[in-house]
Trainee: 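Right, I'll just put the structure down here and ask away after.
Excluded from the calculations below are hydrogen atoms, water molecules and symmetry mates; all remaining heavy atoms, backbone and side chain alike, are included. Throughout, residue positions are numbered sequentially from 1 according to the sequence presented.
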Amino acid sequence: MRTILVTGATGTLGRPVTARLRQAGHHVRTLSRHPRPDDPHSHAVDLRTGTGLHTALEGADTIVHCATTPTGGDIPAATHLIRAARRAEVAHLVYVSIVGVDRIPLGYYQTKHTIERAVEASGLGWTLLRTTQFHDLIVRILAAAARLPLMPVPDVDIQPIDTDEVAARLAHLAEHDPAGRVPDMGGPRVEPLPDLARAYRDATGGHHRVLPVRLPGATFAAFTAGDHLAPARDVGRTTFTDHLAQNPPQPRR
């Protein structure tokens, strides 16, 4: 049994990672800005300041770093975490990143790549897993587009993956020794995002037209080239259609 700290433990990925590790019998501490009051092993820590990290990490063997926000703060959060992990002599840091962060000039992706390099240079034992986009993210993007009279979506292919499948992989990695960068993890199908938009529209009872959009710039060109895809690593099993069936989106009003 290991003592494992999961950051971002109340988030989309952190919750199933925590559940799986506890089911396997590990002592799991959870860390988030908004911890669950019913979790006696929950630590209230804002990684952007690092306050409280020393207590949360005391005696921990492994960290699974799931905490992230596209609105900023990931780099200082990772800096505080790595420094505290070194002081606490944590043996293993597991970090989840995104396929294409080293090729796509999107700000959030560049941040993830910077953190990858910091993890690699940390002096800690580390494991790095890159995945394609989560089904949950695609649903949020499409839900926002569906609020408009037309449904505009980028005309690119996508390879979404099930969050719980990623959580299972991360939990497995956390139970073993540091492995460096492990093979990427992609969803079961590469599909045009406009097709996924139509599937979402139909699932919500919508009737508005999907509008494929092509955009200028290097970021869109990288997505068009498929730099965010991992077709040779299509190890996921749950398709986007499966996800919609298992998690029916709210009908459009």
Trainee: Under the side-chain contact (heavy atoms from CB on, under 4.5 Å) test, which residues partner Arg83, sequence neighbours left out?
Mentor: Thr79, Arg86, Arg87
Trainee: Compare all side-chain heavy atoms of Glu175 with those of Leu21 and state whether any distance is below 4.5 angstrom.
Mentor: yes
Trainee: Give the ring-plane orientation class for His135 versus Phe240, where under 30° counts as parallel, over 60° as perpendicular and anything between as tilted.
Mentor: tilted
Trainee: List the residues meeting side-chain contact (heavy atoms from CB on, under 4.5 Å) with His176, not counting sequence neighbours, and say none if there are none.
Mentor: His172
Trainee: Is a side-chain N or O of Arg20 found less than 3.5 angstrom from the main chain of Ala167, in a donor-acceptor match?
Mentor: no
Trainee: Are side-chain heavy atoms of Pro154 and Phe223 found at a separation under 4.5 Å?
Mentor: no
Trainee: Counting N and O atoms only, with roles assigned by atom type, does the side chain of Thr132 sit under 3.5 Å from a partner on the main chain of Pro160, one being a donor and the other an acceptor?
Mentor: no
Trainee: Can you list everything that forms a salt bridge (Lys or Arg N to Asp or Glu O under 4.0 Å) with Asp157? Sequence neighbours excluded, please.
Mentor: none
Trainee: What pairs with Asp74 under salt bridge (Lys or Arg N to Asp or Glu O under 4.0 Å), at least two apart in sequence or on another chain?
Mentor: none
Trainee: Check salt bridge (Lys or Arg N to Asp or Glu O under 4.0 Å) between Arg201 and all other residues, then give those that pass, not counting sequence neighbours.
Mentor: none
Trainee: Is there a side-chain contact between Thr51 and Asp46 (heavy atoms, below 4.5 Å)?
Mentor: no
Trainee: Please round to the nearest 0.5 Å and tell me the distance separating atom CD1 of Ile63 and atom OG1 of Thr3.
Mentor: 12.0 Å
Trainee: Look only at the side chain of Asn247 and the backbone of His243, and say whether a donor-acceptor pair between them is shorter than 3.5 Å.
Mentor: yes
Trainee: Go through it in stages, so that I can follow the logic: the residues are Val64 and Thr7, the test is side-chain contact (heavy atoms from CB on, under 4.5 Å), and I'd like the CA-CA distance, side-chain angles, deciding distance and then a yes or no.
Mentor: CA-CA 6 Å; Val64 183; Thr7 73; over 6 Å; no
Trainee: Provide the closest heavy-atom pair for Ala85 versus Leu57 in the form atom of the first, atom of the second, distance.
Mentor: N-CD1, 3.7 Å
Trainee: Check the hydrophobic clustering (I, L, V, M, F, W, Y; side-chain heavy atoms under 4.5 Å; chains of links allowed) and say if Leu244 and Val190 are grouped together.
Mentor: no
Trainee: Side chains of Pro149 and His208, heavy atoms from C-beta outward: is any pair under 4.5 Å?
Mentor: no
Trainee: Yes or no on side-chain contact (heavy atoms from CB on, under 4.5 Å) for Val166 and Asp162, after CA distance, side-chain angles and deciding distance?
Mentor: CA-CA 7 Å; Val166 175; Asp162 182 70; over 6 Å; no
Trainee: Rounded to the nearest 0.5 Å, what separates atom SG in Cys66 from atom CG in Leu13?
Mentor: 4.0 Å
Trainee: CG of Leu5 to NE2 of His27: how many Å apart, nearest 0.5 Å?
Mentor: 9.5 Å
Trainee: Please report the shortest heavy-atom distance between Ile82 and Ser122, naming the atom on each side.
Mentor: CG2-CB, 3.6 Å
Trainee: Which is it for Thr241 and Thr239 under the side chain to side chain donor-acceptor pair (under 3.5 Å) test, yes or no, and what are the steps along the way?
Mentor: CA-CA 5 Å; Thr241 301; Thr239 67; 4.6 Å; no
Trainee: Taking the side chain from Thr127 and the backbone from Ala179, do they hold a donor-acceptor pair closer than 3.5 Å?
Mentor: yes
Trainee: Can you check whether Gly52's main-chain N or O pairs, donor with acceptor, with Thr55's side chain at less than 3.5 Å?
Mentor: no
Trainee: To the nearest 0.5 Å, how far apart are CE in Met1 and NE2 in His26?
Mentor: 9.0 Å
Trainee: List the atom of Pro76, the atom of Arg48, and the distance in Å for their closest heavy-atom pair.
Mentor: CB-O, 4.4 Å
Trainee: Do Ile161 and Val182 belong together in a cluster built from hydrophobic side chains that touch within less than 4.5 Å?
Mentor: yes
Trainee: Does Thr68 form a side chain to side chain donor-acceptor pair (under 3.5 Å) with Tyr108? I'd like the steps, not just the answer.
Mentor: CA-CA 10 Å; Thr68 185; Tyr108 180 60; 2.6 Å; yes
Trainee: Output every pair passing side chain to side chain donor-acceptor pair (under 3.5 Å) with a member in residues 180-190, not counting sequence neighbours, ordered by first then second residue.
Mentor: Arg181-Asp184
Trainee: Please examine the side chains of Ile138 and Leu193, heavy atoms only from C-beta on, and report whether any two atoms are closer than 4.5 Å.
Mentor: yes
Trainee: Take atom CD of Glu58 as the centre, draw a 6.0 Å sphere, and report whether it contains more than 12 heavy atoms from other residues, nucleotides or ligands.
Mentor: no
Trainee: Quick one: does any side-chain atom of Lys112 pair with a main-chain N or O of Val99 as donor and acceptor, under 3.5 Å?
Mentor: no
Trainee: Going from NE2 on His41 to CZ on Arg22, what distance comes out if it is rounded to the nearest 0.5 angstrom?
Mentor: 6.0 Å
Trainee: Suppose we screen for side-chain contact (heavy atoms from CB on, under 4.5 Å). Which residues come up paired with Thr62, at least two apart in sequence or across chains?
Mentor: Arg2, Ile4, His92, Val94, Ala174
Trainee: Restricting to non-hydrogen atoms, name the atom on Ala91 and the atom on Pro178 that form the minimum distance, rounded to 0.1 Å.
Mentor: O-CG, 3.8 Å
Trainee: Is a donor on one side and an acceptor on the other found under 3.5 Å between the side chain of Gln159 and the backbone of Gly187?
Mentor: yes
Trainee: Measure across Thr30 and Ser42 and return the closest heavy-atom pair with its distance rounded to 0.1 Å.
Mentor: OG1-CA, 3.2 Å
Trainee: Under 4.5 Å between side-chain heavy atoms, hopping through other hydrophobics if needed: is there a path connecting Leu93 to Leu53?
Mentor: yes
Trainee: Which pairs count as side chain to side chain donor-acceptor pair (under 3.5 Å) when at least one residue sits in residues 213-238, sequence neighbours excluded?
Mentor: Glu165-Thr238
Trainee: Just grab all the ring-ring contact (aromatic ring centres under 6.0 Å, His included) pairs involving residues 62-87, residues at least two apart or on different chains.
Mentor: His65-Tyr95
Trainee: Shortest non-hydrogen contact from Thr131 to Phe134?
Mentor: OG1-CE2, 3.6 Å
Trainee: Measuring from atom CZ of Phe220 to atom CD1 of Ile104, what distance do you get when rounded to the nearest 0.5 angstrom?
Mentor: 12.0 Å
Trainee: Under a 4.0 Å N-O cut-off, is there an ion pair linking Arg15 with Asp164?
Mentor: no
Trainee: I'd like to check Arg169 versus Leu129 (side-chain heavy atoms, cut-off strictly below 4.5 Å). Are they in contact?
Mentor: yes
Trainee: May I have all residue pairs that pass ring-ring contact (aromatic ring centres under 6.0 Å, His included) and include part of residues 140-162, sequence neighbours excluded?
Mentor: none
Trainee: Heavy-atom count check: over 12 atoms from other residues, nucleotides or ligands less than 6.0 Å from Gln110 CD?
Mentor: yes
Trainee: Going by salt bridge (Lys or Arg N to Asp or Glu O under 4.0 Å), name the residues that satisfy it together with Asp136, two or more places apart in sequence or in a different chain.
Mentor: none
Trainee: Name all residues meeting the side-chain contact (heavy atoms from CB on, under 4.5 Å) criterion together with Pro212; count only those two or more places apart in sequence or in a different chain, and write none if there are none.
Mentor: Asp155, Pro194, Arg198
Trainee: Applying the 4.5 Å side-chain criterion to the ILVMFWY set and letting contacts propagate, would Val90 and Leu128 be lumped into a single cluster?
Mentor: yes
Trainee: Under a single-linkage definition using a 4.5 Å side-chain heavy-atom cutoff for Ile, Leu, Val, Met, Phe, Trp and Tyr, are Leu31 and Val17 assigned to the same hydrophobic cluster?
Mentor: no
Trainee: Any chance you could lay out the salt bridge (charged side-chain N to carboxylate O under 4.0 Å, His left out) test for Arg130 and Asp102, step after step, and finish with the verdict?
Mentor: CA-CA 11 Å; Arg130 290 182 181 176; Asp102 54 342; 3.2 Å; yes
Trainee: Evaluate side-chain contact (heavy atoms from CB on, under 4.5 Å) for Val153 paired with Leu142, printing each intermediate quantity in order.
Mentor: CA-CA 8 Å; Val153 294; Leu142 298 179; 3.6 Å; yes
